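A quick note: this is a predicted structure, and the numbers were derived from the prediction, not measured.
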Amino acid sequence: SDWRIDLARDLFAAWSSGDPDAPEQFLHADAVLYDIVGGEHQGWPAIREFFARGVQVWPDLVLAPEQYWTSDDGVALSWVMSATVTEASAGRLGEANVGKKWRSEGMTWLRIVEGKVAREVDYHDSGAVARSLA
């Protein structure tokens, strides 16, 4: 098993845990998370705040990795993100969708420095969630 893939798998399990503190152990304290939809978050406190807001809206959020590609300084991976529409997201996705599961595919690039993620860049389509419910 490749340690870079193991690190990515562990980080994505933490993102899927529902615990806003779980990813911290896999990230540099000054890590940067750039999400094409959610913007850039610099340092663990900002990343945690962004993630904690997401977990409040999507408590059963799952980010399931599918494929991995490694390089000397990191790993890229494709994934499927899914969660259940809650009352907190009904304003955006519609009351009729509460209780329904949505999904969105994406890709991530993780730059690894000294065994931890220094930069995470997430690419996904902001409209995929709503389209998956249609």
Side-chain angles (χ1 to χ4, degrees):
S1 170
D2 187 303
W3 68 271
R4 293 163 293 195
I5 292 172
D6 292 342
L7 176 61
R9 189 176 291 123
D10 290 345
L11 175 61
F12 273 62
W15 290 132
S16 301
S17 71
D19 176 357
D21 294 310
E24 182 179 18
Q25 66 182 309
F26 306 107
L27 302 171
H28 274 277
D30 61 348
V32 175
L33 169 67
Y34 175 73
D35 182 285
I36 192 123
V37 175
E40 185 168 284
H41 309 278
Q42 298 184 9
W44 172 245
I47 293 169
R48 186 197 184 281
E49 181 181 335
F50 171 68
F51 181 53
R53 282 194 314 267
V55 170
Q56 286 178 341
V57 175
W58 315 111
D60 66 341
L61 178 73
V62 172
L63 285 150
E66 292 191 322
Q67 289 187 287
Y68 302 89
W69 300 268
T70 59
S71 69
D72 290 342
D73 67 342
V75 59
L77 58 144
S78 63
W79 43 260
V80 175
M81 176 172 53
S82 63
T84 304
V85 178
T86 62
E87 288 294 334
S89 61
R92 178 175 152 220
L93 296 173
E95 286 289 334
N97 289 315
V98 171
K100 293 182 182 176
K101 194 83 140 175
W102 58 259
R103 70 185 307 276
S104 177
E105 297 176 8
M107 292 194 78
T108 293
W109 163 247
L110 301 174
R111 187 167 63 83
I112 301 170
V113 176
E114 299 169 353
K116 291 196 172 192
V117 174
R119 182 169 180 84
E120 175 175 336
V121 181
D122 299 328
Y123 298 97
H124 54 107
D125 177 356
S126 65
V129 169
R131 283 193 308 276
S132 75
L133 295 166

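Counting only heavy atoms from C-beta outward, the side chains of Glu120 and Tyr34 never approach each other to under 4.5 Å. Counting only heavy atoms from C-beta outward, the side chains of Ile47 and Pro23 never approach each other to under 4.5 Å. Annotation: side chain of Arg131 is not in contact with side chain of Arg103 (no heavy-atom distance under 4.5 Å). In this structure the side chain of Glu95 reaches within 4.5 angstrom of the side chain of Glu87, judged on heavy atoms. Taking the side chain as every heavy atom from C-beta outward, His28 and Val113 approach each other to under 4.5 Å. You'll find the side chain of Tyr68 reaches within 4.5 Å of the side chain of Arg9, heavy atoms only. Put simply, the side chain of Val37 reaches to within 4.5 Å of the side chain of His124, judged on heavy atoms.
Grouping the Ile, Leu, Val, Met, Phe, Trp and Tyr side chains by contacts below 4.5 angstrom, directly or via other members, places Phe50 with Phe26. A single hydrophobic cluster is seen to contain both Ile5 and Leu27, as judged by linkage of ILVMFWY side chains at heavy-atom distances under 4.5 Å, directly or through other members.
Scanning both residues, Met81 and Leu61, for their nearest heavy atoms gives CG-CD1, 3.6 Å. Between Val129 and Leu93, the shortest heavy-atom contact is CG1-CD1, 3.9 Å. The minimum heavy-atom distance between Gly115 and Leu7, with the atom names listed, is O-CD2, 3.7 Å. Across all non-hydrogen atoms, the minimal contact from Val75 to Arg4 is CG1-O, 3.7 Å. For the pair Asp2 and Thr70, the tightest heavy-atom approach, listed with the atom from each and the gap, is OD2-CG2, 3.9 Å. Among all heavy-atom pairs drawn from Trp109 and Ser71, the shortest one is CH2-OG, 3.2 Å.
Between Trp79 and Phe12, the ring-plane angle classifies as tilted under the 30° and 60° cut-offs.
The structure places OG1 of Thr108 at 8.0 Å from CG of Asp35, a figure rounded to the nearest 0.5 Å. In this structure, CD in Gln67 is found 5.0 Å from OG in Ser78, a value given to the nearest 0.5 Å. Interatomic distance, CG of Leu33 versus CZ of Arg48, reported as 14.5 Å (0.5 Å rounding). Going from atom CG of Leu77 over to atom CG of Leu110 covers 5.5 Å, rounded to the nearest 0.5 Å. Ser89 contributes atom OG, which lies 12.5 Å from atom CD of Gln56 (distance to the nearest 0.5 angstrom). Rounding to the nearest 0.5 Å gives a distance of 9.5 Å between CD1 of Ile112 and CG of Leu11.
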Using the side-chain contact (heavy atoms from CB on, under 4.5 Å) rule, take Lys101 and Asp60 through it: C-alpha gap first, then chi angles, then the decisive distance, then the call.
CA-CA 10 Å; Lys101 194 83 140 175; Asp60 66 341; 3.4 Å; yes

Please step through side-chain hydrogen bond (donor to acceptor under 3.5 Å, both in side chains) for the pair Glu49 and Trp44, ending with a clear verdict.
CA-CA 8 Å; Glu49 181 181 335; Trp44 172 245; over 6 Å; no

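Other residues, nucleotides and ligands contribute only 12 or fewer heavy atoms inside 6.0 Å of the OH atom of Tyr123.
Taking a cutoff of 4.0 Å between a charged side-chain nitrogen and a carboxylate oxygen, Lys116 and Glu114 do not qualify as a salt bridge.
Evaluated for a side-chain contact (heavy atoms from CB on, under 4.5 Å) with Trp15, the options Leu63, Asp122, Val55, Asp10 yield exactly one hit, Leu63.
Note: Trp102 and Trp58 meet the aromatic proximity criterion, with ring centroids under 6.0 Å apart.
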